[in-house]
Amino acid sequence: MARCAPEAPRPTAVAVLDDAVRVLAPDTDANRLVARIEAGTAPRSVFATFALEQHQVIATDRLSFQHLARRADGDPPVADFFDLLAQGEAHALKQLAGLADACELTEREIAGYRPRPGCQAYPSYAARLALGGEPADVTIALTANFAAWGATCATVEAAMREHYAFPEAARAFFGFFAEPAPAVGEQARMAVQHGLDTGQAQPALAHRYGRLLQAYELMFWDTVAD
């Protein structure tokens with residue numbers, strides 16, 4: 001009598017997220033602007049451009065996260081993850097004010113700024129995912145992207161202090177994202193585990209999302225440099 005093959009173990013959220021962070025990790029050498037900031041050779045003006053573009057990015061990303069939370073209303077762990085991200089964007093916008101002040105940007109300049117298409121590709125794609133991506137898969141993709149973003153922010157924050165003499169308030173935006181966020185990580189694990197348990201999560205598709213997010217983030221930095 002033939003024996004049945006043992007059932008393969010089901011993936012866990014921790015394994016899926018760790019794999020996404022590893023597989024989707026960007027080539028740090030490709031980010032030429034951050035390399036110049038780290039060395040202290042980038043012009044100080046790039047920080048003003050960064051602040052102006054981020055005002056647009058944050059506003060769009062917050063709406064995208066809010067929409068994802070509404071779409072996941074029937075899946076509380078997933079909805080809670082995106083609610084938490086939307087709250088984080090609101091806090092990040094407050095932290096960005098310190099950088100805008102240090103760069104002597106006026107409210108008129110911020111309101112009248114014409115954003116660069118290359119800088120807005122990331123939030124535009126995030127909005128596309130908010131409309132049609134499976135929220136659990138978007139969670140996986142964003143987790144990988146946030147890992148890279150956090151490391152980049154840590155590098156920039158240190159360089160702002162060491163090479164550009166920016167005050168603490170001006171560095172607060174980068175410090176906010178550079179710091180570990182255990183609550184976000186735990187909520188992401190709960191969201192992805194729910195997605196796996198209900199069959200909604202498709203890690204392979206999430207990796208496709210994540211690769212594009214990483215590419216669009218690099219495009220953001222390249223466009224600021226230009």
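These numbers were taken from a predicted model, which means no experiment stands behind them.
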Aromatic ring pairing [X]/[Y], orientation class (parallel under 30°, perpendicular over 60°, tilted between):
X    : Y    : answer
Y125 : Y209 : perpendicular
F65  : F146 : perpendicular
F166 : Y164 : tilted

Closest heavy-atom contact between [X] and [Y]?
X    : Y    : value
V184 : L85  : CG1-CD2, 4.0 Å
A141 : G210 : CB-N, 3.6 Å
I140 : A20  : CG2-CB, 3.7 Å
S64  : P123 : OG-O, 4.5 Å
A136 : A201 : CB-CB, 4.1 Å
R189 : A13  : O-CB, 3.3 Å

If you group Ile, Leu, Val, Met, Phe, Trp and Tyr by side-chain heavy-atom gaps below 4.5 Å, do [X] and [Y] land in one group?
X    : Y    : result
V224 : I37  : yes
V57  : L63  : no
F47  : I110 : no
L99  : F220 : yes
F176 : L142 : no

Report the C-alpha distance between F177 and F173 in whole Å, list the side-chain angles of each, state the deciding distance to 0.1 Å, and finish with yes or no for ring pair (Phe, Tyr, Trp, His ring centres under 6.0 Å). CA-CA 7 Å; F177 286 107; F173 175 87; 5.1 Å; yes

Please round to the nearest 0.5 Å and tell me the distance separating atom [atom1] of [X] and atom [atom2] of [Y].
X    : Y    : atom1 : atom2 : result
L84  : Q187 : CG    : CD    : 6.5 Å
T41  : H163 : OG1   : NE2   : 8.5 Å
E162 : E38  : CD    : CD    : 9.0 Å
E89  : Q87  : CD    : CD    : 11.5 Å
T139 : L68  : OG1   : CG    : 7.5 Å
I58  : L93  : CD1   : CG    : 5.0 Å

Just do the side chain to side chain contact (heavy atoms under 4.5 Å, CB included) check on L205 and E134 with the steps written out, would you? CA-CA 9 Å; L205 184 57; E134 171 57 49; 5.8 Å; no

Side chains of [X] and [Y]: does their closest heavy-atom pair fall under 4.5 Å?
X    : Y    : result
R211 : V23  : yes
N145 : L24  : no
F50  : V156 : no
V138 : F82  : yes
Y122 : M219 : no
P77  : D80  : no
T12  : L196 : no
T155 : F174 : no

Distance-only, no hydrogens or angles: does the D137 side chain make a donor-acceptor pair with backbone N or O of Q202 under 3.5 Å? yes

Would the distance check show the side chain of D75 and the main-chain N or O of V78 forming a donor-acceptor pair, the cut-off being under 3.5 Å?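 Here the side-chain-to-backbone pair does not exist.
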
Regarding E53 and Q120, do their side chains bring together a donor and an acceptor under 3.5 Å, going by distance alone? yes

Please determine whether a side-chain nitrogen of the Lys or Arg among R171 and E168 lies less than 4.0 Å from a carboxylate oxygen of the Asp or Glu. no

Does CZ in R128 sit with more than 12 non-hydrogen atoms of other residues, nucleotides or ligands closer than 6.0 Å? no

Trace of the ring pair (Phe, Tyr, Trp, His ring centres under 6.0 Å) decision for H55 with Y113: CA-CA 10 Å; H55 272 89; Y113 179 71; 9.4 Å; no

My understanding is that only residues two or more places apart in sequence, or in another chain, count here; which of them pass side chain to side chain contact (heavy atoms under 4.5 Å, CB included) with D197? R10, Q193

Could I get the full list of salt bridge (Lys or Arg N to Asp or Glu O under 4.0 Å) partners for E179, not counting sequence neighbours? none

Got a sec, which pairs hit salt bridge (Lys or Arg N to Asp or Glu O under 4.0 Å) with one end in residues 15-36, sequence neighbours left out?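 Listed once each, the pairs are D19-R22, R32-D222, R32-D226.
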
